[in-house]
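Chain naming here is simple, since letters A, B, ... match the order of the sequence lines and numbering starts at 1 in each. Scope of the values below: all heavy atoms of this structure, side chains included, with no hydrogens, waters or symmetry mates.
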Number of protein chains: 2
Amino acid sequence: MKISAQEEYGLRCLVQLASAGEGESLTLPQIAEREGISQSNAGKLMWLLSKAGFVHATRGTKGGYSLSRPAEEILLSEVVKVLDDDEIEGHCNSYTGVMDSCVHTGDCGIRSVIVGLHEIVQNALSNVTLSQLVGTEKKVDERFHRIQRLGGGVARTEK
Amino acid sequence: MKISAQEEYGLRCLVQLASAGEGESLTLPQIAEREGISQSNAGKLMWLLSKAGFVHATRGTKGGYSLSRPAEEILLSEVVKVLDDDEIEGHCNSYTGVMDSCVHTGDCGIRSVIVGLHEIVQNALSNVTLSQLVGTEKKVDERFHRIQRLGGGVARTEK
DNA sequence: TGCAATCTTGACTGAAAAGTAAAGATTTGA
DNA sequence: TCAAATCTTTACTTTTCAGTCAAGATTGCA
């Protein structure tokens, strides 16, 4: 269970925009530099985010990208869903086997676990907004754990 | 956030062994056939599981694989950890950027989220045993959701 | 108008994951 | 001892994912 590079860096780019402040915009070179990635790569990510409606792009001199909505209203679950090609629907359509269809079509115990895990992750991420990722690692860490303990997240009993 | 083919199919092979019953063993051809995957692929997966100590392999005629421990004692979190190369440690060592090291070394808000998510998933999986995945999809689904609602899992408030 | 800054798009390249194949090693039993 | 059944190991091929590049399109400004 891994987060893909696309998910991670797409999210990072959004956080950069959120850090820039409400209504502020950043250019591709700026984003690339702040995130330490190539301009090409940033370009592709921003294009995805633009297509998905998270950011608004303006061309020409003085152009750049800005958030389409306030960072307080953007949920991590939405972002991840887009950057990950919304996997879970149709998970069973791409099976690894040699047969015409997945041998477990119809009755498959593992499917419950895979779908259930996806629900758990989405649920956890739906409690966090983009704006809550702005700040120092310490702050963000505190916020994230507090949120997960309260609003429908994980109630850790040990450790 | 995706489950890898290795995780999914490794787990499936273990479930096959668990379904076979306590102390029973299955050969590579049997596992491959029941799972609908090639024998080569099953061989690689079983080798990993064997190396990790989940199954015991015996060669020769009348050989095969059997679980090293009762299915009731094998946690999904352990299995996934092995099949996924225990990613999370050293996540920051493989960054995608152009720099000598990840530009966020030292202070990185996203890291909290990535590590936190990993914790949430591991926590959820640590409440489920291999034996609980044996049975019809309906049964397994009920079990999984009941478990996640109780023992430290997700408390869904909506939907 | 024309140039410079900027985003857009699709093709290309390289790397990692997934799956396959084949030869080797071990065990059983005739 | 020999052959058949079985797991083991390494190398190879294919597919998917990540990242790069270059040409194109749009906008602002002089």
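The closest side-chain donor-acceptor pair between B:Ser4 and B:Glu7 falls under 3.5 angstrom.
For the salt bridge (charged side-chain N to carboxylate O under 4.0 Å, His left out) test, no residue two or more places apart in sequence or in another chain qualifies with B:Arg143. By the side-chain hydrogen bond (donor to acceptor under 3.5 Å, both in side chains) test, A:Ser112 pairs with no residue at all, sequence neighbours left out. Contacts of B:Lys138 classified as salt bridge (charged side-chain N to carboxylate O under 4.0 Å, His left out), with partners at least two apart in sequence or in another chain: B:Glu142. Applying the side-chain hydrogen bond (donor to acceptor under 3.5 Å, both in side chains) test to A:Arg59 and every residue at least two apart in sequence or in another chain returns nothing. Evaluation of the side-chain hydrogen bond (donor to acceptor under 3.5 Å, both in side chains) rule for A:Asp141 yields A:His145 as partners, not counting sequence neighbours. Not counting sequence neighbours, the partners of B:Lys2 by the salt bridge (charged side-chain N to carboxylate O under 4.0 Å, His left out) test are A:Asp84.
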Hey, can you pull the donor-acceptor pairs under 3.5 Å for the side chains in residues 50-58 of chain A, sequence neighbours left out?
| unit_1 | atom_1 | unit_2 | atom_2 | d |
| --- | --- | --- | --- | --- |
| A:Thr58 | OG1 | A:Gly64 | N | 3.4 |
| A:Thr58 | OG1 | A:Gly64 | O | 3.4 |

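Closest to the side chain of A:Ser40, out of D:dT20, D:dC7, C:dT6, is D:dT20. Among C:dC7, D:dC7, D:dT20, the nucleotide with an atom closest to any side-chain atom of A:Ser38 is D:dT20.
Residue A:His56 contributes atom NE2, which lies 12 Å from atom C1' of D:dT27 at whole-angstrom precision. One can place CG of B:Leu83 at 14 Å from C1' of C:dA17, the figure rounded to the nearest angstrom. D:dT6 atom C1' lies 13 Å from atom CG of B:Leu26, rounded to whole Å. If you measure from atom NZ of A:Lys2 to atom P of D:dT16, you get 18 Å, rounded to the nearest angstrom. Spacing between atom CG of B:Leu28 and atom C1' of D:dT8 amounts to 10 Å, rounded to whole angstrom units. Taking atom OH of residue A:Tyr65 and atom P of nucleotide C:dA5, one finds them 17 Å apart after rounding to whole Å. Spacing between atom CD1 of B:Ile31 and atom C1' of D:dT6 amounts to 12 Å, rounded to whole angstrom units. The separation between B:Leu48 atom CG and C:dA18 atom P is 11 Å, rounded to whole Å.
For residues 26-41 of chain A, no pair satisfies salt bridge (charged side-chain N to carboxylate O under 4.0 Å, His left out), with sequence neighbours left out. For the salt bridge (charged side-chain N to carboxylate O under 4.0 Å, His left out) condition, the pairs that include at least one residue of residues 11-27 of chain B, sequence neighbours left out, are B:Glu8-B:Arg12.
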Please produce a list of atom pairs where a protein N or O lies less than 3.5 Å from an N or O of nucleotides 23-30 of chain C.
| unit_1 | atom_1 | unit_2 | atom_2 | d |
| --- | --- | --- | --- | --- |
| C:dT26 | O4' | B:Arg59 | NE | 3.4 |

For nucleotides 9-16 of chain C, give me every protein contact, N/O to N/O, under 3.5 Å, one pair per line with atom names.
| unit_1 | atom_1 | unit_2 | atom_2 | d |
| --- | --- | --- | --- | --- |
| C:dT9 | OP2 | A:Trp47 | NE1 | 2.3 |

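For DNA chain D, none of the residues of residues 5-22 of chain B falls under the heavy-atom distance limit of 4.0 Å.
If you chain together hydrophobic residues whose side chains sit under 4.5 Å apart, B:Val140 and B:Leu75 never meet in one group.
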